Trainee: 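Shown below is the structure under consideration.
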Amino acid sequence: MHYWLMKSEPSCFGLTDLQQRPDQTEPWDGVRNYQARNMLRDQMQCGDRAFLYHSNCKETGIVAVMEIVHNGYPDPTAFDPREKHFDPENDPNSPRWFMVDVKLIRPLKRTILLSELRQHAELDGLQLLSKGNRLSVMPVSEKHWQFILSLEGSEG
DNA sequence: GCCAACGTTGGC
DNA sequence: GCCAACGTTGGC
């Protein structure tokens, strides 16, 4: 079992969108970064847990816990010219972009803000907090995962 | 809207 | 292989 953090802009797809999906499940498509692709394709497994993180918005932070419910498989939106993240160089015989399916486990009782995460020395090394970090999918150690969950019940 | 940080592209 | 130019991400 591994732990992850997955970013999304709520203006594009956020917690409320996920809550409204059938079975509260969604294919996590549109990732077009090789590092993130490698994790989606090779490392993320059914049963893994992932934080949902809202980026590029008023209250940036962690808002929910999700489960990976489908191992990595080719992202069909990369083959569709009508899609925003269409990749014309993508060879159907050797798909370049992958995705997983995620399912909502539960929203957090409160948003754990990025500014709050930065205040805890226990979270040193968390990739989300590293300078210039732009990965939309990243691993979270079990220690960091548990610590972040422990913040949920505190005042912030 | 600004801008720093990063990834990608392409000329050489 | 180097690196400048460019596009994107994402916090503020």
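The sequence lines fix the lettering, A, B, ..., with proteins before strands; numbering per chain opens at 1. All values derive from a computational prediction rather than experimental measurement.
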Trainee: Give every residue pair that meets the salt bridge (charged side-chain N to carboxylate O under 4.0 Å, His left out) criterion with at least one member in residues 11-29 of chain A, sequence neighbours excluded.
Mentor: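 Sorted pair list: A:R21-A:E26, A:D23-A:K103.
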Trainee: Holding to side-chain hydrogen bond (donor to acceptor under 3.5 Å, both in side chains), I want the full list of residues that pass it with A:S115, two or more places apart in sequence or in another chain.
Mentor: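 With neighbours one apart ignored, the set is empty.
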Trainee: I'd like to check the side-chain hydrogen bond (donor to acceptor under 3.5 Å, both in side chains) partners of A:R49; sequence neighbours left out, ordered by chain and number.
Mentor: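 Partners of A:R49 by the side-chain hydrogen bond (donor to acceptor under 3.5 Å, both in side chains) criterion come out as none, since no residue qualifies.
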Trainee: Pairs of donor and acceptor atoms involving the side chains of residues 52-69 of chain A, under 3.5 Å and at least two apart or interchain, shall be tabulated with distances.
Mentor:
unit_1 : atom_1 : unit_2 : atom_2 : d
A:H54  : NE2    : A:L15  : N      : 3.1
A:N56  : ND2    : A:E9   : OE2    : 3.4

Trainee: A:D87 CG to C:dG7 P: how many Å, rounded?
Mentor: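 The distance from CG of A:D87 to P of C:dG7 comes to 18 Å, rounded to the nearest Å.
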Trainee: B:dT8 C1' sits how many Å from A:R96 CZ, rounded?
Mentor: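 Atom CZ in A:R96 sits about 12 Å away from atom C1' in B:dT8.
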Trainee: Distances for protein N/O vs nucleotides 9-12 of chain C N/O pairs under 3.5 angstrom?
Mentor:
unit_1 : atom_1 : unit_2 : atom_2 : d
C:dT9  : O4'    : A:R134 : NE     : 3.4
C:dT9  : O4'    : A:R134 : NH2    : 3.4
C:dG10 : OP1    : A:K7   : NZ     : 2.8
C:dG10 : OP1    : A:R134 : O      : 3.1
C:dG11 : OP1    : A:Y53  : OH     : 2.7
C:dG11 : OP2    : A:N56  : N      : 2.8

Trainee: Can you check the A:W97 CH2 to B:dT8 C1' distance for me, whole Å?
Mentor: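 Between C1' of B:dT8 and CH2 of A:W97: 10 Å.
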Trainee: Kindly list each side-chain donor-acceptor pair under 3.5 angstrom involving residues 81-89 of chain A, sequence neighbours excluded, with atom names and distances?
Mentor:
unit_1 : atom_1 : unit_2 : atom_2 : d
A:R82  : NE     : A:D80  : OD1    : 3.1
A:R82  : NH2    : A:D80  : OD2    : 3.0
A:D87  : OD1    : A:E89  : N      : 3.0
A:D87  : OD2    : A:R96  : NH1    : 3.0
A:D87  : OD2    : A:W97  : NE1    : 2.8

